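Ligands are counted one by one from 1 in listed order, and the atoms in each one are counted from 1 as well. Bear in mind that the values here come from a model prediction, so they are computed numbers and not experimental data.
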Amino acid sequence: MTGERSKRVCPVRHTRSLDNVFRRWIHNPRKLLKEYVKEGMIVLDIGCGSGLYSVEMAKMVGERGMVIAADLQEGMLQKLKKKIQETKIEKRIILHRCEKDRMGITEKIDFALAFYMVHEVPNQEKFFKEMRSILKPDGKFLIIEPKFHVSKEAFEETIKRAITIGFKPSEKPKVLLSRAMVLRR
Ligand SMILES: C[S@@+](CC[C@H](N)C(=O)[O-])C[C@H]1O[C@@H](n2cnc3c(N)ncnc32)[C@H](O)[C@@H]1O
């Protein structure tokens, strides 16, 4: 899908489709992220939704690390807040509300994940510029997009936009039903 329909923001009522046994199996967070997320890192889960990946990354970065779980929708952040309340990872996850065309994050980031999010961003150039400005010099940015919403051509356009901003394309991880690319700052 291309154009305006693909840019619709995923509604909060759809969170069951984002965090369930099947998704954890096909998109196992540890398997997908073990190459990139290490102890002590500061990581960003941009468009975190109900936080399936924020929670797992908080376990992976350990006590010395931090996860910024950022989303446009307060409802998503509230779902994640409930999930982590009174758990040992609660303090490792900072919930951050973004604006539609501005993340507004000032922390410097080791690794950022945008899982099924970038196609919902209205101004990708602006988004990539801001992302590049907050990544550390050796920082990495993993973009994963859904095949059922984002055509091969649309994904390639997105990656071209990121390259124009200065990102360097790195490996292409295999992610079921998805298109994925790691960008280096
Ligand atoms: C399809 S959901 C994916 C959620 C999560 N990454 C996952 O894979 O389970 C997309 C999320 O991106 C968020 N989002 C969309 N546009 C955004 C923006 N411009 N800034 C921050 N979050 C955004 C939506 O609110 C939604 O929670």
A.B. asks: Mind checking whether Q73 has an N or O less than 3.5 Å away from an N or O of ligand 1?
C.D. replies: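 Indeed, backbone or side chain, Q73 has an N or O that close.
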
A.B. asks: Let me know which of F128, F111, Y36 forms a side chain to side chain contact (heavy atoms under 4.5 Å, CB included) with F141.
C.D. replies: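 So the option named by the test is F128.
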
A.B. asks: Under 4.0 Å between a Lys/Arg side-chain N and an Asp/Glu carboxylate O for D19 and K79?
C.D. replies: no

A.B. asks: Between ligand 1 and R23, can you find any atom pair, the residue atom being a heavy atom, that is separated by under 4.0 Å?
C.D. replies: yes

A.B. asks: Do I159 and F155 make a side-chain contact, defined as non-hydrogen atoms from C-beta onward lying under 4.5 Å apart?
C.D. replies: yes

A.B. asks: How close does the nearest protein non-hydrogen atom get to atom 21 (C) of ligand 1, and which residue and atom is it?
C.D. replies: L72 N, 3.5 Å

A.B. asks: Can you pull out the closest protein heavy atom to atom 2 (S) of ligand 1? Residue, atom name and distance to 0.1 Å, please.
C.D. replies: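 Looking only at protein heavy atoms, the one closest to atom 2 (S) of ligand 1 is C10 CB, 3.7 Å.
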
A.B. asks: For L72, is there any backbone N or O sitting under 3.5 Å from a side-chain donor or acceptor partner on R97?
C.D. replies: yes

A.B. asks: Between V9 and ligand 1, find which residue part has any heavy-atom pair under 4.0 Å and reply side chain, backbone, both or neither.
C.D. replies: side chain

A.B. asks: For residues 43-51, run the donor-acceptor check on the side chains, cut-off 3.5 Å, and write out each pair with its distance to 0.1 Å, sequence neighbours left out.
C.D. replies:
| residue | atom | partner | partner atom | Å |
| --- | --- | --- | --- | --- |
| D45 | OD2 | S54 | N | 3.1 |
| D45 | OD2 | S54 | OG | 2.7 |

A.B. asks: I need the atoms of ligand 1 closer than 4.0 Å to a non-hydrogen atom of K100, numbered in the order shown.
C.D. replies: 19 (N)

A.B. asks: Which residue holds the protein heavy atom closest to atom 3 (C) of ligand 1, what is that atom called, and what is the gap in Å?
C.D. replies: F115 O, 3.5 Å

A.B. asks: How far is atom 15 (C) of ligand 1 from its nearest protein heavy atom, and which residue and atom is that?
C.D. replies: E120 OE1, 3.1 Å

A.B. asks: Would you say that R161 contacts E157 through its side chain, given a criterion of any heavy-atom pair below 4.5 Å between the two side chains?
C.D. replies: yes

A.B. asks: In terms of residue, atom name and distance, what is the protein heavy atom nearest to atom 12 (O) of ligand 1?
C.D. replies: G47 CA, 3.4 Å

A.B. asks: Is it the case that the side chain of E171 and the backbone of V182 share a donor-acceptor pair, with hydrogens and angles ignored and the cut-off at 3.5 Å?
C.D. replies: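 Not confirmed, E171 side chain does not pair with V182 backbone.
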
A.B. asks: Is it the side chain (CB and beyond), the backbone, both or neither of S50 that lies under 4.0 Å from ligand 1, heavy atoms counted?
C.D. replies: neither

A.B. asks: Where is the nearest protein heavy atom to atom 20 (N) of ligand 1: which residue, which atom, and how far?
C.D. replies: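 Sorting protein heavy atoms by distance from atom 20 (N) of ligand 1 puts M117 CE, 3.7 Å first.
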
A.B. asks: Per the side chain to side chain contact (heavy atoms under 4.5 Å, CB included) rule, which among R102, K108, E107 passes with I105?
C.D. replies: E107

A.B. asks: By number and element, which atoms of ligand 1 are closer than 4.0 Å to a non-hydrogen atom of G49?
C.D. replies: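 Ligand 1 atoms under the 4.0 Å threshold to G49: 4 (C), 27 (O).
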
A.B. asks: Considering only the protein, which heavy-atom contact is closest to atom 1 (C) of ligand 1, and what is its distance?
C.D. replies: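 Atom 1 (C) of ligand 1 sits closest to the protein heavy atom Y116 O, 3.3 Å.
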
A.B. asks: For atom 26 (C) of ligand 1, what's the nearest protein heavy-atom neighbour? Residue, atom name and distance, please.
C.D. replies: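 Ranked first by proximity to atom 26 (C) of ligand 1 is D71 OD2, 3.5 Å.
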
A.B. asks: Any non-hydrogen side-chain atom of Y53 less than 4.5 Å from a side-chain atom of H27?
C.D. replies: yes

